[in-house]
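Worksheet: the structure to be examined is printed underneath.
Computation of the quantities below employed the complete heavy-atom set of this structure, encompassing side-chain atoms and omitting hydrogens, waters and symmetry-equivalent molecules. Indexing begins at 1, ligand by ligand and atom by atom, following the structure's order.
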Amino acid sequence: MRIRPAETGDAGGISDVLEQLVAAGLRSNASDKAFVLSHYIADPHRIACTVAEDGSGRILGLQSLKRATEDNPYGVEPGWGIIGTHVSPQAARRGIGSRLFAASREAAIAAGLRKIDATIGADNPLGLAYYEAMGFRTYRRTDSAICKCYELP
Ligand SMILES: CC(C)(COP(=O)(O)OP(=O)(O)OC[C@H]1O[C@@H](n2cnc3c(N)ncnc32)[C@H](O)[C@@H]1OP(=O)(O)O)[C@@H](O)C(=O)NCCC(=O)NCCS
């Protein structure tokens, strides 16, 4: 397995991972290639967009790290990072999420971030457990989500 920055040509493989999550009942948002390009790979506020791929080049997971702007739709403090993680259900619990976060954390430090927000559905126990295991801690709640913060050194 290889961890590397996402490229434009990864849009199809990332979309496949998101579709697998939809099929498993773990995602309800858009998952098409155009969404992947605009929200992850080519997002103008991208700090890092990192993929995990297997030996045959198949994408197994994605982690997106963006800088929160004044008008970010998540209500995150401007200047913080905003993180999102998506690992294929066929490759879950093999350490991919952990390796993706190691790469994002390095990118966050290089970008001078001090804090990263992870907004997780309150009904998503595995997402909550994953971010807690990565060192994120709950700092606010909305009607439907729990927001966790990671503090960088
Ligand atoms: C949450 C998610 C990113 C975890 O990815 P992963 O590659 O399976 O994570 P890892 O294998 O690196 O697990 C790291 C740690 O997270 C925790 N964890 C991960 N999956 C878990 C689960 N299903 N139940 C409990 N804890 C879990 C564990 O502490 C785990 O360490 P351990 O395996 O040594 O016990 C992945 O399941 C996923 O994409 N889920 C759907 C989308 C989602 O919920 N994204 C995050 C919220 S927006």
Side-chain angles (χ1 to χ4, degrees), residues 1-6 10-43 45-69 72-77 80-109 113 115-152:
M1 205 231 317
R2 193 157 77 102
I3 302 290
R4 62 166 175 79
D10 296 319
I14 293 171
S15 174
D16 289 347
V17 168
L18 298 181
E19 292 290 357
Q20 289 158 17
L21 288 166
V22 171
L26 295 169
R27 177 181 175 83
S28 53
N29 279 1
S31 305
D32 55 280
K33 282 170 68 171
F35 178 87
V36 168
L37 279 168
S38 63
H39 279 72
Y40 302 129
I41 299 176
D43 189 292
H45 307 299
R46 163 177 169 169
I47 292 172
C49 182
T50 310
V51 291
E53 68 178 357
D54 69 12
S56 68
R58 187 170 71 107
I59 303 296
L60 301 176
L62 155 85
Q63 190 160 69
S64 158
L65 178 66
K66 307 182 199 184
R67 194 182 298 274
T69 52
N72 77 83
Y74 310 100
V76 174
E77 187 73 20
W80 285 30
I82 297 175
I83 199 165
T85 315
H86 313 277
V87 174
S88 166
Q90 297 157 19
R93 213 70 194 263
R94 290 193 216 153
I96 293 175
S98 305
R99 290 188 56 186
L100 288 170
F101 184 61
S104 297
R105 187 178 178 281
E106 289 302 311
I109 291 169
L113 290 186
K115 295 184 178 184
I116 304 173
D117 171 278
T119 296
I120 309 130
D123 58 353
N124 179 359
L126 72 161
L128 292 166
Y130 164 71
Y131 281 113
E132 192 74 24
M134 295 303 103
F136 288 70
R137 296 293 176 258
T138 300
Y139 75 100
R140 71 184 170 107
R141 293 166 194 265
T142 70
D143 287 347
S144 57
I146 294 175
C147 304
K148 291 183 177 289
C149 173
Y150 184 87
E151 299 205 19
L152 291 145

Review point. Does a donor on one side chain sit under 3.5 Å from an acceptor on the other, for Q63 and S104?
Key: yes
Check your understanding: Which residue holds the protein heavy atom closest to atom 7 (O) of ligand 1, what is that atom called, and what is the gap in Å?
Key -> G97 N, 2.8 Å
Check your understanding: Counting heavy atoms only, which of N124, L18, L26 comes nearest to atom 47 (C) of ligand 1?
Key -> N124
Review point. Of all the atoms in ligand 1, which lie at a distance below 4.0 Å from a heavy atom belonging to A92?
Key: 8 (O)
Practice item. Say whether, by atom type as modelled, one donor and one acceptor occur between the side chain of D43 and the main chain of Y40 under 3.5 angstrom. Key: no
**Study point:** Protein contact of atom 18 (N) of ligand 1 - nearest heavy atom, named by residue and atom, plus distance
**Key:** R93 NE, 3.8 Å
Check your understanding: Just to confirm, does any protein heavy atom lie below 4.0 Å from atom 34 (O) of ligand 1?
Key -> no
**Study point:** For atom 15 (C) of ligand 1, the protein heavy atom that lies nearest, with its residue and separation
**Key:** A133 CB, 3.8 Å
Review point. Any chance CZ of R137 has more than 12 other-residue heavy atoms, nucleotides or ligands included, within less than 6.0 Å?
Key: yes
Check your understanding: Any idea which protein heavy atom is nearest atom 26 (N) of ligand 1, and the distance to it?
Key -> A129 CB, 3.4 Å
Check your understanding: Side-chain donor-acceptor pair under 3.5 Å between K148 and T138, yes or no?
Key -> yes
Check your understanding: When the ring planes of Y131 and F136 are compared, do they come out parallel, tilted or perpendicular, using 30° and 60° as the limits?
Key -> perpendicular
Review point. Hey, which atoms in ligand 1 end up nearer than 4.0 Å to a heavy atom of R94?
Key: 11 (O)
Check your understanding: Applying a strict 4.0 Å limit to heavy atoms, is G84 in contact with ligand 1?
Key -> no
Review point. CG of L62 to NE2 of H86: how many Å apart, nearest 0.5 Å?
Key: 5.5 Å
Point to revise | atom 1 (C) of ligand 1: the protein heavy-atom neighbour that sits closest, reported with distance to 0.1 Å | key: Y130 CB, 3.7 Å
Exercise for review: List the closest protein heavy-atom neighbour of atom 45 (N) of ligand 1: residue, atom name, distance to the nearest 0.1 Å.
Suggested key: T85 O, 2.9 Å
Check your understanding: With side chains defined as the heavy atoms from C-beta onward, is the minimum distance between M134 and S98 less than 4.5 Å?
Key -> yes
Exercise for review: Compute whether any side-chain donor of one residue and acceptor of the other, for Y139 and D117, lie under 3.5 angstrom apart.
Suggested key: yes
Review point. What residue and atom, counting heavy atoms only, is the protein's closest point to atom 48 (S) of ligand 1, and at what distance?
Key: T119 O, 4.3 Å
**Study point:** L126, any N or O under 3.5 Å of ligand 1 N or O
**Key:** no
Point to revise | Numbered atoms of ligand 1 (with element) below 4.0 Å of G95, judged on heavy atoms | key: 10 (P), 11 (O), 12 (O)
**Study point:** Flag for N29-S31: side-chain donor and acceptor within less than 3.5 Å
**Key:** no
Check your understanding: Is it the side chain (CB and beyond), the backbone, both or neither of R99 that lies under 4.0 Å from ligand 1, heavy atoms counted?
Key -> neither
Practice item. Can you sort out which atoms of ligand 1 are near H86, meaning under 4.0 Å from one of its heavy atoms? Key: 39 (O)
Review point. Between the side chain of S38 and the main-chain N/O of A34, is any donor-acceptor distance below 3.5 Å?
Key: yes
Check your understanding: So which bit of L21 gets within less than 4.0 Å of ligand 1, heavy atoms only: side chain, backbone, both or neither?
Key -> side chain
Study note, to complete from the structure: Quick note on ligand 1: atoms under 4.0 Å from a heavy atom of I96 include exactly 7 (O), 12 (O)
Check your understanding: Hey, does S98 come in under 3.5 Å of ligand 1, counting only N/O atoms on both sides?
Key -> yes
Practice item. Considering only NZ, NE, NH1 and NH2 on the basic side and carboxylate oxygens on the acidic side, decide whether D16 and K33 come within less than 4.0 Å. Key: no
Review point. Closest heavy-atom contact between I120 and G127?
Key: CG2-C, 3.9 Å
Point to revise | Min heavy-atom dist Y131 to ligand 1 below 4.0 Å | key: yes
Review point. Which residue and non-hydrogen atom of the protein lie closest to atom 39 (O) of ligand 1, and at what distance in Å?
Key: V87 N, 2.7 Å
